[in-house]
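For reference, the structure is listed below as structure tokens.
No hydrogens, no waters, no symmetry mates; every other heavy atom, side chains included, goes into these values.
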Amino acid sequence: MSRSDELEYLKGLVAQLNDKIRVLEQREKHVPQGPKTPAQQLRTILVGPPGSGKGTQAPRIRDQFCVCHLATGDMLRDQIAQKTELGRQAKKVMDAGGLVSDDIMVGMIKDQLENNVACKNGFVLDGFPRTIPQAEKLDTMLDTRKEKLDNVVQLQIDDQLLISRITGRLIHLASGRTYHKEFNPPKKPFVDDVTGEPLIQRSDDNVETLTKRLNTYHTQTGPVVDYYRQKGLWVPIDAAQSPNLVWENMAKIFKKSNS
């Protein structure tokens, strides 16, 4: 085949592909898009001890279901950094050595739901509520918005297994990406796969500190889990499985709640 023949042949292929693209684009125009309906939205709370996989699963929920990920610690830092009214109130309390009130925390969540466009299809709440009064205030705030929770997913895992997981955890501070020396190592030791920046191990990721944190978690979370269990919203997930299996089980729960 001469060069001119080959060129004509390729031009013919391009023309066929362009025709195919136009047909597909026309079909796409006739498929109703529109905003997601409430039945397709997701409003969930992710509960679990430190190291249970919340930091791995919450971003997947966010990306898969097009919702916002509300981690209360991050929200608190952002509000303080932006010097919002809620941030100033929180900073004043923290500077005095006190605990930020439930009203301020619920106010921050409400602010995100009202002003963060990423929350238009729902949210995954991480790190809140930790007490029954907090859960009740959250319910009241959602009621005023005529919204309700779909479910409360608890990642369950044995404390000893959890300790072995956490003591090997590596973190990229800027993004929050987590790795594990044994179970999910970075491609290059102690280096973030995406940015090439160094990974760190948190100073409180040691057995003694973790044991105290787990005891606090169990004491706080038990009543909250019972609160949501009585409402029929609580769903347990075995977090000792691989992250992909945990995700598959969670996705089934979310899709079922949206069906």
*Which pairs, with at least one residue in residues 54-63 and sequence neighbours excluded, count as a side chain to side chain donor-acceptor pair (under 3.5 Å)?*
Arg60-Asn244
*Counterpart residues, side chain to side chain contact (heavy atoms under 4.5 Å, CB included), relative to Met141 (two or more places apart)*: Val106, Ile109, Lys110, Leu113, Leu138, Arg145
_With sequence neighbours excluded, residues passing side-chain hydrogen bond (donor to acceptor under 3.5 Å, both in side chains) with Asp78_ = none
*Quick one: do Leu233 and Leu46 end up in the same hydrophobic cluster if we chain Ile, Leu, Val, Met, Phe, Trp and Tyr together by side-chain heavy atoms under 4.5 Å apart?*
no
*asked:* Are the side chains of Met250 and Ile237 in contact, using a 4.5 Å heavy-atom criterion?
replied: yes
*Identify the two heavy atoms, one from Met94 and one from Val100, that lie closest to each other, and give their separation to 0.1 Å.*
CG-CG2, 3.7 Å
_From CG (Asn184) to CG (Leu170), nearest 0.5 Å_ = 9.5 Å
_Pairwise salt bridge (Lys or Arg N to Asp or Glu O under 4.0 Å) hits with a residue in residues 166-177, at least two apart_ = Arg169-Asp205, Arg177-Asp192
_Starting from Leu142, can I reach Leu70 by hopping between I/L/V/M/F/W/Y residues whose side chains sit under 4.5 Å apart?_
yes
*Heavy-atom pair with the smallest gap, counting every atom of Glu197 and His172*: OE1-NE2, 2.6 Å
*Any chance you could measure Ile61, atom CD1, to Phe254, atom CZ, to the nearest 0.5 Å?*
4.0 Å
*I would like to know whether Lys120 and Gln41 meet side chain to side chain donor-acceptor pair (under 3.5 Å); could you show each step before the answer?*
CA-CA 9 Å; Lys120 66 178 181 179; Gln41 295 179 348; over 6 Å; no
*When you measure from the side chain of Asn249 to the backbone N and O of Leu245, does any donor-acceptor pair fall under 3.5 Å?*
yes
_Qualifying residues under side-chain hydrogen bond (donor to acceptor under 3.5 Å, both in side chains), relative to Thr216, sequence neighbours excluded_ = none
*asked:* Please find the pair of heavy atoms, one from Gly53 and one from Leu155, that lie closest to each other, and give the distance.
replied: C-CD1, 3.9 Å
*Which pair of non-hydrogen atoms, one from Ala90 and one from Leu76, has the smallest distance, and what is that distance?*
CB-CD1, 3.7 Å
*Any residue meeting side chain to side chain contact (heavy atoms under 4.5 Å, CB included) with Pro198, in chain and number order, not counting sequence neighbours*: none
*Going only through I, L, V, M, F, W and Y residues with side-chain contacts under 4.5 Å, is there a path from Leu162 to Tyr217?*
no
*Just by distance, do the side chain of Gln241 and the backbone of Trp247 share a donor-acceptor pair under 3.5 Å?*
no
Going by atom type alone, with no hydrogens or angles, which donor-acceptor pairs under 3.5 Å involve a side-chain atom of residues 81-88 and a protein atom two or more places apart or on another chain?
{"from": "Thr84", "atom 1": "OG1", "to": "Gln79", "atom 2": "O", "distance (Å)": "3.4"}
{"from": "Thr84", "atom 1": "OG1", "to": "Gln79", "atom 2": "OE1", "distance (Å)": "2.4"}
{"from": "Thr84", "atom 1": "OG1", "to": "Gly87", "atom 2": "N", "distance (Å)": "2.9"}
{"from": "Glu85", "atom 1": "OE1", "to": "Arg88", "atom 2": "NH2", "distance (Å)": "3.1"}
{"from": "Glu85", "atom 1": "OE2", "to": "Gln89", "atom 2": "NE2", "distance (Å)": "3.2"}
{"from": "Arg88", "atom 1": "NH1", "to": "Lys83", "atom 2": "O", "distance (Å)": "2.5"}

*CD1 of Ile163 to CG of Asp158: how many Å apart, nearest 0.5 Å?*
8.5 Å
*Could you go step by step and tell me if Lys181 and Phe190 meet the side chain to side chain contact (heavy atoms under 4.5 Å, CB included) rule?*
CA-CA 9 Å; Lys181 294 176 184 176; Phe190 292 94; 4.0 Å; yes
*By side chain to side chain contact (heavy atoms under 4.5 Å, CB included), which residues pair with Asn215, not counting sequence neighbours?*
Thr211
_Summary of side chain to side chain donor-acceptor pair (under 3.5 Å) pairs that have at least one residue in residues 90-101, sequence neighbours excluded_ = Lys91-Asp95
*Distance, nearest 0.5 Å, that separates NE2 of His180 from CD1 of Ile171*: 11.0 Å
_Working for side chain to side chain contact (heavy atoms under 4.5 Å, CB included), residues Arg77 and Asp74_ = CA-CA 5 Å; Arg77 285 186 289 272; Asp74 293 340; 2.6 Å; yes
*Side-chain contact test, heavy atoms from C-beta onward, threshold under 4.5 Å: evaluate it for Met75 versus Gln112 and give yes or no.*
yes
*Closest non-hydrogen atom pair, Pro185 against Tyr179*: C-CD2, 4.2 Å
*Got a sec, which pairs hit disulfide (SG to SG under 2.5 Å) with one end in residues 116-225, sequence neighbours left out?*
Cys68-Cys119
*In Å, rounded to the nearest 0.5 Å, how long is the span from CG of Leu214 to CG of Asp159?*
4.5 Å
_Rounded at 0.5 Å granularity, tell me how far CG in Asp111 sits from CG in Asn116._
9.0 Å
*Could you walk me through whether Asn151 and Thr44 pass side chain to side chain donor-acceptor pair (under 3.5 Å), step by step?*
CA-CA 5 Å; Asn151 40 55; Thr44 191; 2.6 Å; yes
*Please report the closest heavy-atom contact between Ser52 and Ala239, naming both atoms and the distance.*
O-CB, 3.6 Å
*Verify, without hydrogens or angle tests, whether Asn121 (side chain) and Val67 (backbone) share a donor-acceptor contact under 3.5 angstrom.*
no
*Under 3.5 Å: donor-acceptor pair, side chain of Thr167, backbone of Asn206*: no
_Would a single hydrophobic cluster contain both Leu210 and Leu161, if residues Ile, Leu, Val, Met, Phe, Trp and Tyr are joined by side-chain heavy-atom contacts under 4.5 Å?_
yes
*Could you state whether Tyr227 and Met105 fall into the same hydrophobic cluster, counting links through intermediate Ile, Leu, Val, Met, Phe, Trp or Tyr residues with side-chain heavy atoms under 4.5 angstrom apart?*
yes
Name every donor-acceptor pair, under 3.5 Å, that has one atom in a side chain of residues 122-133 and the other anywhere in the protein, sequence neighbours excluded.
{"from": "Asp126", "atom 1": "OD2", "to": "His69", "atom 2": "NE2", "distance (Å)": "3.2"}
{"from": "Arg130", "atom 1": "NE", "to": "Gly127", "atom 2": "O", "distance (Å)": "3.1"}
{"from": "Thr131", "atom 1": "OG1", "to": "Gln134", "atom 2": "N", "distance (Å)": "3.3"}

_Atom CD of Glu208 with >12 non-hydrogen neighbours under 6.0 angstrom_ = no
*Taking the side chain as every heavy atom from C-beta outward, state whether Val153 and Ile45 have any atom pair closer than 4.5 Å.*
no
*asked:* Once side chain to side chain contact (heavy atoms under 4.5 Å, CB included) is applied, do any residues pair with Val191, and if so which ones, sequence neighbours excluded?
replied: Lys188
